[in-house]
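Heads up: the structure comes next, in structure tokens.
Nothing fancy with the numbering, it's 1 onward along the sequence.
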Amino acid sequence: MHADWLSGIPALPDHPIMLWAFALTAGAALFFAMGAALRILRSRLQQRAETPGHPLARSLSEVLRRTNSVVLLILSMLIGAAIVGAPLPWSGRNAQHLWFVLLTLQIALWLDRAVDVGLDHALASRGQVSTVTATLFRFLLRTLVSVIALLAMLDNLGVNITALVASLGIGGVAVALAVQTILSDLFASISIGLDKPFEAGDFIVFGQVAGSIEHVGLKTTRIRSLGGEQIVCSNTELLKQTIQNYKRMQQRRIIFTVRITYMTDVDRAAAVPALIRGQIERQPDTRFDRAHLARFGENALEYEAVYYVMTADYNRYMDIQQNINLGIMRDLDAAGIALALPERIVHLPPAAPSDEAPA
């Protein structure tokens with residue numbers, strides 16, 4: 001007898017049809033029981049996820065949602081057949097292969113969902129990431145899970161995967177060499193998406209190019225230049241450049257020079273730094289740093305001033321600098337100090353006296 005609880009039924013339990021009837025009944029009961037257990041577990045995880053301090057509960061609930069009903073049903077029937085002892089239409093070794101394939105398939109489905117959930121959390125924690133980069137990264141990870149699961153199934157079924165893996169490796173090297181430039185740009189796109197040296201809308205300068213980022217693609221990045229034309233640059237070549245990202249500038253350091261004539265006396269020349277400082281501090285969104293008589297120029301006294309504009313807006317900086325320049329001109333005019341003009345004094349030697357006496 002295959003089960004003690006069937007000992008009271010004469011002869012029928014040993015019949016294959018009856019055994020499979022009991023096996024299907026047990027499998028169906030087990031299927032509904034496991035389904036109910038999974039629903040209860042997911043409900044408990046969702047309730048736990050609503051309380052702070054349990055960030056993994058919602059992720060586990062999403063992973064369990066990927067449980068395949070067909071796989072679960074077949075596993076339930078196999079368990080029911082094993083409990084009742086129903087004869088299988090294949091050998092025991094084939095049954096072991098089926099067990100392994102089903103379990104591997106379900107684990108692969110859970111891992112596939114775990115990749116999606118984990119990647120969503122990772123990208124959310126890093127802020128906005130390019131959709132193209134996120135899609136590519138997701139595709140690579142899910143492909144890796146699928147390939148590993150497929151190779152494990154083939155190996156369990158007796159397929160020699162060593163030669164298969166070796167041929168795939170050789171083919172992969174050949175393909176990688178053939179599409180080396182494309183792959184380089186693809187990985188550069190992933191690097192841009194994860195590291196985010198710039199994003200769409202940022203104003204960048206590199207080499208002789210200055211413009212706003214319009215789109216970061218798999219292979220190229222499109223930039224709208226100040227002249228209005230669109231510049232298309234390879235992602236790999238772009239990352240090789242030193243990039244200045246002006247959108248992320250928090251403040252702008254400004255250095256400018258004021259030149260006054262050498263005809264200015266010492267006392268009035270000494271008052272010029274305070275005059276410049278007053279004009280800078282009079283402007284909003286500025287922080288004064290220094291102002292000094294920096295050097296004796298070729299034809300003027302040169303004052304160097306440094307201040308900070310507490311905004312990255314270039315137009316705002318130009319408005320402030322214009323107000324400072326006009327204010328300095330007014331203060332110098334009121335103090336009787338003249339701005340120096342470019343000039344050059346040429347000294348000619350006196351003409352030599354002529355030896356010839358006038359006629």
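No side-chain heavy atom of Phe288 sits under 4.5 Å from any side-chain heavy atom of Val306. In this structure, the side chains of Arg66 and Asp112 come closer than 4.5 Å at one or more pairs of heavy atoms. For the pair Arg252/Thr311, no side-chain contact is recorded, criterion being any heavy-atom separation below 4.5 Å from C-beta on. Residues Ile280 and Tyr308 fail the side-chain proximity criterion, which asks for heavy atoms closer than 4.5 Å. Between Ile328 and Leu332, some side-chain heavy-atom pair lies under the 4.5 Å cut-off. A 4.5 Å side-chain heavy-atom check between Phe206 and Gln244 finds every atom pair outside the cut-off. Considering only heavy atoms from C-beta on, Ile324 comes within 4.5 Å of Phe256 through its side chain. Side-chain atoms of Thr286 and Met310, non-hydrogen and from C-beta on, never get closer than 4.5 Å to each other.
Side-chain atoms of Arg282 and Asn323 include no donor-acceptor pair closer than 3.5 Å. Side-chain contact, Thr221 with Asn235: a donor N or O sits under 3.5 Å from an acceptor N or O. Between the side chains of Gln321 and Tyr307, at least one donor N or O lies within less than 3.5 Å of an accepting N or O.
Ile320 and Tyr246 are members of different hydrophobic clusters when ILVMFWY side chains are connected at heavy-atom separations under 4.5 Å.
Among Gln279, Gln283, Arg277, the single residue meeting the side-chain hydrogen bond (donor to acceptor under 3.5 Å, both in side chains) criterion with Glu281 is Arg277.
Contact check on Arg142 versus Asp116 returns a salt bridge, with a Lys/Arg side-chain nitrogen under 4.0 Å from an Asp/Glu carboxylate oxygen. The residues Glu199 and Lys247 are annotated as not salt-bridged, no charged nitrogen and carboxylate oxygen being separated by less than 4.0 angstrom. Taking 4.0 Å as the cut-off between side-chain N and carboxylate O, Arg268 and Asp265 count as a salt-bridged pair. Using a cut-off of 4.0 Å between Lys/Arg side-chain N and Asp/Glu carboxylate O, Glu229 and Arg224 are scored as not salt-bridged.
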Report the C-alpha distance between Tyr303 and Thr257 in whole Å, list the side-chain angles of each, state the deciding distance to 0.1 Å, and finish with yes or no for side-chain contact (heavy atoms from CB on, under 4.5 Å). CA-CA 5 Å; Tyr303 293 82; Thr257 302; 5.9 Å; no
Glu214 vs Arg222, test: salt bridge (charged side-chain N to carboxylate O under 4.0 Å, His left out). Steps then yes/no. CA-CA 6 Å; Glu214 284 193 336; Arg222 296 195 287 270; 5.2 Å; no
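In terms of heavy-atom proximity, Ile243 sits nearest to Phe198 at CD1-CE2, 3.6 Å.
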